[in-house]
Amino acid sequence: MSTLAGKHIVLGLSGGIAAYKSAELCRALVKAGVTVQVVMTEAAEHFMTAVTLQALSGRPVYTSQWDAREGNNMAHINLSREADAIVVAPASADFMAKLLHGRADDLLSLMCLARPIDQVPLIVAPAMNREMWANPATQRNVAQLRVDGVHMLDVGQGDQACGETGDGRMLEADEILEDLEAFFTPKVLAGRQLLVTAGPTYEAIDPVRGITNLSSGKMGFAIARAAHMAGAHVTLVAGPVSLPTPRGVRRVDVRSARDMLQAVEQNVGAAQVFISTAAVADWRPATSADQKIKKDGSGQTPQLGFVENPDILATVAKSPRAQAGELFCVGFAAESHDLLAHATAKRERKGVPLLVGNIGPATFGQDDNALLLVDAQGARELPHASKQVLATQLIEDIARRLGALKA
Ligand code: C5P
């Protein structure tokens, strides 16, 4: 379930063409279980109608500080007191300048100023032309708003409505949603470095053929996302999968097991946690042809010999930092039966403190899974749920173990 479910958010729109994305954001928030109260500035109403946002949020939109619907005529107090956060998207350069100076001549800026600063966070998604964004005045304002405790979201980069190209676009609705979800996630891994492997590997036979497996990478990607939301710096070493990179995660794409080992060795030095979810091919063809192996019509088949791939997890688990307890290693086991027995044996064989078992054929490619966490003390089940929910539970479990290790 989203960390946003049950929250009440004031969505403030100031004037900017990116306001069309706020309609989508409003809808996405409602879908995530948020109640949304939209507040628009006069400038915003030039770009979007209040009717659209009322229909999407299911609540009347507020546009004026003189709105007589409020019994005490204090919309700025009432609306800001009941919110879990105020999200201004789009935030124009002018609106940010207003925030900076504590000006309050319209309902939205008045509300931002009147909010209880320790209880109602203010989250701002800037949107403007690249020159306006790069202007020292804007950059100064952004830096000072951060100092004032405002949570500033990034800007996007690319084509702008004005025809120019550069920084300053408002993030897309799904990116803002993701950042809001991260904002509300407890930071149990704040500042930690995590390295995750995910997906299958691909072992070439020749330039057009190879050996791989059915791993989708979904579990590893979900873990990388959950760890990032929990405040970790995450590097994700991914075999060939077509999944989108979780927001805020650094991704290194690899193909073969040996590429994956190399990428892991290059990135593991700074990590405190290594989670190995990749379905690494156990063997690779002994030779890989430079040119496509041709069928010559004789009925002869190519003779394939195999050699064993390096065991990435076992290699990392044997490293001095892992042995010294500075690097916490977590392995995965995809089994078809006798999960507890196989996972227990695999944990010892790989030399890792925590091994996560799952039933391989039941999980490959699926969005759901069930996990069995096996450590030296015994086993704990994380019952059937979406991979994202399980990833969050696993990250919480690992965070507890890191706390215990530190004590
Ligand atoms: O031996 P098995 O493949 O079942 O072990 C699974 C665990 O070991 C997973 O965590 C997987 O990512 C890791 N592994 C590895 N390198 C290999 C084989 C498996 O890191 N060559």
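Atoms within each ligand, like the ligands themselves, are counted from 1 in listed order.
Results of the side-chain contact (heavy atoms from CB on, under 4.5 Å) test with His76 over Val39, Asp106, Leu107 single out Leu107 as the only residue that passes. Checking each of Val10, Leu11, Ile86 against Gln37 for a side-chain contact (heavy atoms from CB on, under 4.5 Å) leaves exactly one that passes, namely Val10.
Side-chain polar atoms of Asp94 and Ser92 form no donor-acceptor pair below 3.5 angstrom. In this model, no donor atom of one side chain and acceptor atom of the other lie less than 3.5 Å apart for Gln393 and Asp397. Residues Asn135 and Thr138 bring no donor and acceptor atom of their side chains to less than 3.5 Å of each other.
Here the protein heavy atom with the shortest distance to atom 3 (O) of ligand 1 is Asp282 OD1, 4.0 Å. The protein non-hydrogen atom at the shortest distance from atom 21 (N) of ligand 1 is Pro310 O, 2.8 Å. Summary of contacts: the protein heavy atom closest to atom 16 (N) of ligand 1 is Ile312 N, 3.0 Å. Nearest non-hydrogen protein atom to atom 17 (C) of ligand 1 is Val280 CB, 3.4 Å. The protein non-hydrogen atom at the shortest distance from atom 9 (C) of ligand 1 is Phe332 O, 2.9 Å. For atom 8 (O) of ligand 1, the nearest non-hydrogen atom of the protein is Lys350 NZ, 3.1 Å.
Side-chain N or O atoms of Arg247 include none that pairs as donor or acceptor with a backbone N or O of Glu178 at under 3.5 Å. Put simply, the side chain of Lys187 never gets that close to the backbone of Ala232: no donor and acceptor are under 3.5 Å apart. Judged by distance alone, with hydrogens and angles left aside, the side-chain atoms of Arg146 form no donor-acceptor pair with the main-chain N or O of Ala143 at under 3.5 Å.
Among Thr201, Val316, Val352, Leu313, the residue whose heavy atom sits closest to atom 20 (O) of ligand 1 is Leu313. When the heavy atoms of Ala317, Ser276, Gly357 are ranked by distance to atom 13 (C) of ligand 1, first place goes to Ser276.
Of all atoms in ligand 1, listed by their number and element, those nearer than 4.0 Å to a heavy atom of Gly331 are 10 (O).
Looking at ligand 1, you'll find an N or O of Ala278 within less than 3.5 Å of one of its N or O atoms. Taking only nitrogen or oxygen atoms, main chain and side chain alike, Ala281 does not reach within less than 3.5 Å of ligand 1. Polar contact with ligand 1: present for Lys346 (N/O pair, distance under 3.5 Å).
Not a single heavy atom of Ala257 lies less than 4.0 angstrom from ligand 1.
Residue Ser216 comes nearest to Val241 through the heavy atom pair O-CG1, 3.3 Å, listed as atom of the first residue, atom of the second, then distance.
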